[in-house]
Amino acid sequence: MPELPEVESVRRSLAPHVIGRRVVRARARRRDVVRGKASPGALLEGDRIRHLHRRGKQLGIEGEGGGVIVVHLGMSGQLLTADRSRRYPSHTHVVWKFDDFDDLQSTRGLLFRDPRRFGGVWTFPSLEHARRERWDELGPEGTEISSSDLSRALAGSRRRIKSLLLMQERVAGLGNIYADESLFRAGVSPWRQANSLEPEEMADLARSIREVLVSASDRGGSTLSDEGYVNADGEPGSFQDELRVYGRGGASCVRCGGELAQDRLEQRSTVWCPTCQP
DNA sequence: ACCCGCACCTGTAAGC
DNA sequence: TGCTTACAGGTGCGGG
């Protein structure tokens with residue numbers, strides 16, 4: 001489910017609830033969802049939360065003791081704030097409870113739930129470890145990728161451009177939705193060989209990637225159906241209203257009015273405009 | 001190097 | 001109203 005804009009929206013919505021809060025209890029209800037140490041200490045029990053990081057589609061929760069929890073939401077993962085009065089939703093795998101003093105308004109805890117369990121939680125003793133073991137292998141952040149960054153990331157490959165855009169080690173943050181959207185806005189067909197792009201197309205594509213990811217983040221991400229993505233407050237995004245190709249196969253192109261094509265590109269449903277993206 | 005198929009899981013929606 | 005099937009936003013692996 002979540003691509004960079006959804007993860008960034010989770011980060012922003014979560015921050016006011018968790019920064020500075022002390023974790024009085026942390027538990028993995030399902031051990032296999034936690035890779036690395038699953039001990040309460042590794043899950044920041046006893047720590048105050050210092051900062052929330054994001055790298056590509058991954059979220060990092062840093063404690064004042066230096067420990068870091070990396071959360072990857074996969075397809076169906078959610079980080080939700082929890083009220084003490086309510087029962088945990090189904091598929092809640094990790095639970096953090098906060099010291100709430102006597103502040104009745106504030107969040108009592110944080111939950112990680114993930115019905116499909118493609119996501120997970122990784123614990124590290126420090127930010128250095130998290131970077132070295134999980135983040136260094138990622139490509140440049142899609143939100144700030146320059147034309148030359150993109151050229152370097154795609155260098156020499158004859159593969160179809162869309163396949164490469166989906167590889168996190170090339171560009172960090174794009175998934176199926178925003179890859180299609182970026183290609184449409186740049187006027188580049190998803191089927192083009194990466195090494196066939198002209199410098200001007202490369203610049204257009206880099207700009208489109210930045211614009212799509214940044215504006216989607218500012219709109220809270222895309223929520224495609226109910227029971228879909230929501231932020232840490234349980235609120236959906238609104239960028240689905242701005243999607244120009246994704247989910248619109250057979251409908252008319254917003255630019256030329258022609259019919260949008262839909263097909264499978266390496267097992268991923270792909271929508272594009274044959275006229276605007278030759 | 002590249003592409004395909006499939007696997008990991010559960011939920012939902014469409015089709016019969 | 002069932003029951004079956006296909007498909008879903010992410011990743012990773014083996015094989016041709």
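Please read these numbers as outputs of a predicted model, since none were measured by experiment. Below, read A as the first sequence line, B as the second, and so on, with proteins coming before strands; counting in each chain starts at 1.
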Visitor: Report each atom pair, protein N/O against N/O of nucleotides 14-16 of chain C, whose distance is under 3.5 angstrom.
Guide:
none

Visitor: Apply the hydrophobic cluster definition, ILVMFWY joined by side-chain contacts under 4.5 Å directly or through others, and give me every member besides A:V95.
Guide: A:Y88, A:L111

Visitor: In which stems does DNA chain B show up, taking only runs of three or more Watson-Crick or G-U wobble pairs whose two distances fall under 3.5 Å?
Guide: B:2-8 with C:10-16, B:10-16 with C:2-8

Visitor: When you compare C:dG9 with B:dC3, how far apart are their C1' atoms, in angstrom units rounded to a whole number?
Guide: 22 Å

Visitor: Does A:R268 have a side-chain nitrogen or oxygen under 4.0 Å from the phosphate oxygens OP1 or OP2 of C:dC7?
Guide: no

Visitor: A:M167 has an atom CE; how far is it from atom P of B:dC3, in whole Å?
Guide: 10 Å

Visitor: Keeping the roles fixed (side chain from A:H72, backbone from A:K57), state whether a donor-acceptor pair exists under 3.5 Å.
Guide: no

Visitor: Check whether any side-chain nitrogen or oxygen of A:S157 sits under 4.0 Å from OP1 or OP2 of B:dC2, and answer yes or no.
Guide: yes

Visitor: State whether the distance check finds a donor on one side and an acceptor on the other, under 3.5 Å, for side chain A:R116 versus base B:dC9.
Guide: yes

Visitor: Going by ring centres under 5.5 Å and near-parallel planes (under 30°), is A:F118 stacked on C:dT11?
Guide: no

Visitor: Please determine if A:R134 forms a cation-pi arrangement with A:W122, meaning its NZ or CZ atom is less than 6.0 Å from the six-membered ring centre and no more than 45° off the ring axis.
Guide: yes

Visitor: Have a look at A:Y246 and say if it touches a base, only the backbone sugar-phosphate, or nothing, with a 4.0 Å heavy-atom cut-off.
Guide: sugar-phosphate

Visitor: For the backbone of A:P190 and the side chain of A:R160, can you confirm whether one donor and one acceptor N or O come within less than 3.5 Å of each other?
Guide: no

Visitor: To the nearest Å, give me how far apart NZ (A:K162) and C1' (C:dG10) are.
Guide: 13 Å

Visitor: Quick check on B:dC9: is either OP1 or OP2 less than 4.0 Å from any side-chain nitrogen or oxygen of A:H91?
Guide: no

Visitor: Return yes if some donor-acceptor pair links the side-chain N/O of A:E3 with the main-chain N/O of A:Y178 below 3.5 Å, else return no.
Guide: yes

Visitor: As an exercise, state the distance from CG of A:D180 to CZ of A:R268, rounded to the nearest 0.5 Å.
Guide: 9.5 Å

Visitor: Roughly how many Å is it from NZ in A:K57 to P in C:dG12, rounded to a whole number?
Guide: 10 Å

Visitor: Any carboxylate oxygen within less than 4.0 angstrom of a Lys/Arg side-chain nitrogen, looking at A:E181 and A:R244?
Guide: no

Visitor: Nearest 0.5 Å, what's the CH2-CZ distance between A:W135 and A:R54?
Guide: 9.5 Å

Visitor: For A:Q168, answer base if it contacts any base atom (sugar-phosphate contacts may also be present), sugar-phosphate if it contacts only those atoms, and nothing otherwise; contact means non-hydrogen atoms under 4.0 Å.
Guide: sugar-phosphate

Visitor: Applying a strict under-4.5 Å side-chain criterion to I, L, V, M, F, W and Y, I'd like to know whether A:W272 and A:Y246 cluster together.
Guide: no

Visitor: Indicate, with yes or no, if A:L183 and A:L260 share a hydrophobic cluster defined by side-chain heavy-atom contacts under 4.5 Å among Ile, Leu, Val, Met, Phe, Trp and Tyr.
Guide: no

Visitor: Which whole number of Å gives the distance between the P atom of C:dC3 and that of B:dC9?
Guide: 25 Å

Visitor: Given atom CH2 of A:W191 and atom C1' of B:dC3, what is their separation to the nearest angstrom?
Guide: 12 Å

Visitor: Distance check: side-chain N/O of A:S269 vs OP1/OP2 of C:dA8, anything under 4.0 Å?
Guide: yes

Visitor: A:M75 CE to C:dG12 P: how many Å, rounded?
Guide: 14 Å

Visitor: Between C:dG9, C:dT11, B:dC3, which nucleotide has the shortest distance from any of its atoms to the side chain of A:H72?
Guide: C:dT11

Visitor: Side chain of A:R117, heavy atoms from C-beta onward: which of B:dC2, B:dC9, C:dG9 has the nearest atom to it?
Guide: B:dC9

Visitor: Specify the residue among A:Q267 and A:G156 whose closest nucleotide of DNA chain B lies further upstream toward the 5′ end.
Guide: A:G156

Visitor: Separation of A:E8 atom CD from C:dG9 atom P, in whole Å?
Guide: 22 Å

Visitor: Taking A:A232's backbone N and O only, do any of them form a donor-acceptor pair with A:S13's side chain (distance below 3.5 Å, no angle check)?
Guide: yes

Visitor: How many Å lie between CD on A:E6 and P on C:dA8, as a whole number?
Guide: 17 Å

Visitor: Using the P atom as the reference point in each nucleotide, state the distance between C:dG12 and B:dG11 in Å, no decimals.
Guide: 24 Å

Visitor: For A:L224 and B:dA13, give me the distance from atom CG to atom C1', rounded to whole Å.
Guide: 14 Å

Visitor: Over all strands shown, is A:R264 touching base, sugar-phosphate only, or nothing at heavy-atom distances under 4.0 angstrom?
Guide: sugar-phosphate

